**Q** 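So that we are looking at the same thing, I have put the structure below in structure tokens.
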Amino acid sequence: QVQLVESGGGLVQAGDSLRLSCAASGRTFSSYTVGWFRQAPGKEREFVAAINLGWSGGNPYYADPMKGRFTISRDSTKNTVYLQMNSLKPEDTAVYYCAADPLIGTGYHYWGQGTQVTVSS
């Protein structure tokens, strides 16, 4: 099992920044991808960004609406992935989840409990 714990959410104003953290523990894999997803009230969960913890450079990639405002990074020594969110907008309000894909055909099999991000206008 892989345990994921998100932190860093909160209430901010439009234009502010937040950094979310996702700490992984438990079973390790030689290489796995950690992704950030979000779900706003009444909406489906959507992909935000992802990065691989084992590959050189991590191969980060983003959903198009997040490019330029969000940055995903990793500290492989700490098994932690970060999501830096800048120029936040009210429409970024959502519960943000991190998830791990061990790249063994199961997809994003492990999920954290989520952290609330609320952006006021």
Side-chain angles (χ1 to χ4, degrees):
Q1 285 283 16
V2 174
Q3 291 79 41
L4 301 171
V5 179
E6 303 99 333
S7 61
L11 172 63
V12 297
Q13 294 185 334
D16 286 350
S17 298
L18 272 178
R19 189 178 81 157
L20 306 182
S21 299
C22 173
S25 62
R27 182 181 178 182
T28 58
F29 299 88
S30 60
S31 177
Y32 59 101
T33 292
V34 174
W36 285 99
F37 296 79
R38 70 184 186 183
Q39 188 165 20
K43 295 187 177 181
E44 293 187 353
R45 184 171 60 200
E46 63 174 341
F47 171 76
V48 174
I51 193 167
N52 188 276
L53 283 179
W55 298 340
S56 176
N59 191 32
Y61 57 98
Y62 303 87
D64 285 343
M66 288 69 176
K67 291 179 181 177
R69 292 194 302 125
F70 291 10
T71 302
I72 192 169
S73 61
R74 63 182 183 174
D75 185 338
S76 297
T77 64
K78 297 181 180 179
N79 283 333
T80 299
V81 172
Y82 305 98
L83 184 69
Q84 177 69 42
M85 306 185 294
N86 299 327
S87 302
L88 284 164
K89 306 174 182 179
E91 51 264 42
D92 294 317
T93 295
V95 178
Y96 284 71
Y97 300 89
C98 67
D101 178 357
L103 304 182
I104 57 173
T106 58
Y108 285 101
H109 188 67
Y110 304 99
W111 290 82
Q113 81 288 350
T115 185
Q116 176 71 47
V117 171
T118 302
V119 185
S120 64
S121 58

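Fair warning: this is a prediction, and the values are worked out from it, not measured in the lab. Worth knowing before you read on, the calculation uses all heavy atoms, side chains too, and leaves out hydrogens, waters and symmetry mates.
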**Q** Measuring only between side-chain heavy atoms, which start at C-beta, is T33 closer than 4.5 Å to L103?
**A**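 Yes, at least one pair of side-chain atoms sits under 4.5 Å.
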**Q** In Å and rounded to the nearest 0.5 Å, what is the OG to CZ distance from S87 to R69?
**A**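 Rounded to the nearest 0.5 Å, the OG-CZ separation comes out at 7.0 Å.
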**Q** Locate the shortest heavy-atom distance separating N52 from S31; write the atom from each residue and the value.
**A**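 Nearest heavy atoms, N52 then S31: OD1-OG, 2.7 Å.
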**Q** Looking at R74 and G57, what are the two nearest heavy atoms and their distance?
**A**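 In this case the closest contact between R74 and G57 is NH2-N, 3.2 Å.
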**Q** Taking all non-hydrogen atoms of both residues into account, name the closest pair between L4 and C22 and its distance.
**A**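 Looks like CD2-SG, 4.0 Å.
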**Q** When clusters are formed by joining ILVMFWY residues with side-chain heavy atoms under 4.5 Å apart, either directly or through shared neighbours, do M85 and M66 land in the same one?
**A**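 Yes, M85 and M66 fall within the same hydrophobic cluster.
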**Q** To the nearest 0.5 Å, how far apart are CZ in R45 and CZ in R38?
**A**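 That separation rounds to 13.5 Å.
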**Q** Hydrophobic clusters here meaning ILVMFWY residues chained together by side-chain heavy-atom distances under 4.5 Å, can you tell me if V95 and V48 are in one?
**A**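 Different clusters: V95 never reaches V48 through Ile, Leu, Val, Met, Phe, Trp or Tyr contacts under 4.5 Å.
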**Q** So D92 and K89, salt bridge (Lys or Arg N to Asp or Glu O under 4.0 Å) or not? Walk me through it.
**A** CA-CA 5 Å; D92 294 317; K89 306 174 182 179; over 6 Å; no
**Q** Where the side chain of S120 meets the backbone of V12, is there a donor-acceptor pair that is under 3.5 Å apart?
**A**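 Yes, the answer is positive, given that a donor and an acceptor are paired below the 3.5 Å cut-off.
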**Q** Does E6 use its side chain to pair, donor to acceptor, with the backbone of C98 at less than 3.5 Å?
**A**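 It does hold such a pair.
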**Q** When clusters are formed by joining ILVMFWY residues with side-chain heavy atoms under 4.5 Å apart, either directly or through shared neighbours, do Y32 and V81 land in the same one?
**A**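 The answer is yes; both residues are in one hydrophobic cluster.
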**Q** Would a hydrophobic clustering, with Ile, Leu, Val, Met, Phe, Trp and Tyr connected at side-chain separations under 4.5 Å, put W111 with L83?
**A**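 Per the 4.5 Å side-chain linkage, W111 and L83 are not co-clustered.
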**Q** Is the closest side-chain heavy-atom distance between T93 and Q116 below 4.5 Å?
**A**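 Yes, side chains in contact.
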**Q** For a quick test of reading the model, state the closest non-hydrogen atom pair linking S76 to L53 and the distance between them.
**A**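 Residues S76 and L53, closest heavy atoms: OG-O, 2.9 Å.
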**Q** Rounded at 0.5 Å granularity, tell me how far OH in Y62 sits from CZ in F47.
**A**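 Output value for this atom pair is 9.5 Å.
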**Q** Quick one: do Y82 and Y110 end up in the same hydrophobic cluster if we chain Ile, Leu, Val, Met, Phe, Trp and Tyr together by side-chain heavy atoms under 4.5 Å apart?
**A**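 Y82 and Y110: separate clusters.
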**Q** Name the orientation class of the two ring planes belonging to Y96 and F70 (parallel below 30°, tilted from 30 to 60°, perpendicular beyond 60°).
**A**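 Tilted: the ring planes of Y96 and F70 meet at 30° to 60°.
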**Q** Between K78 and T80, which heavy-atom pair has the shortest distance, and what is it?
**A**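 Smallest heavy-atom distance, with atoms named: O-OG1, 2.9 Å.
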**Q** What is the minimum heavy-atom distance between P60 and I72, and which atoms define it?
**A**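 Looks like CB-CG2, 3.6 Å.
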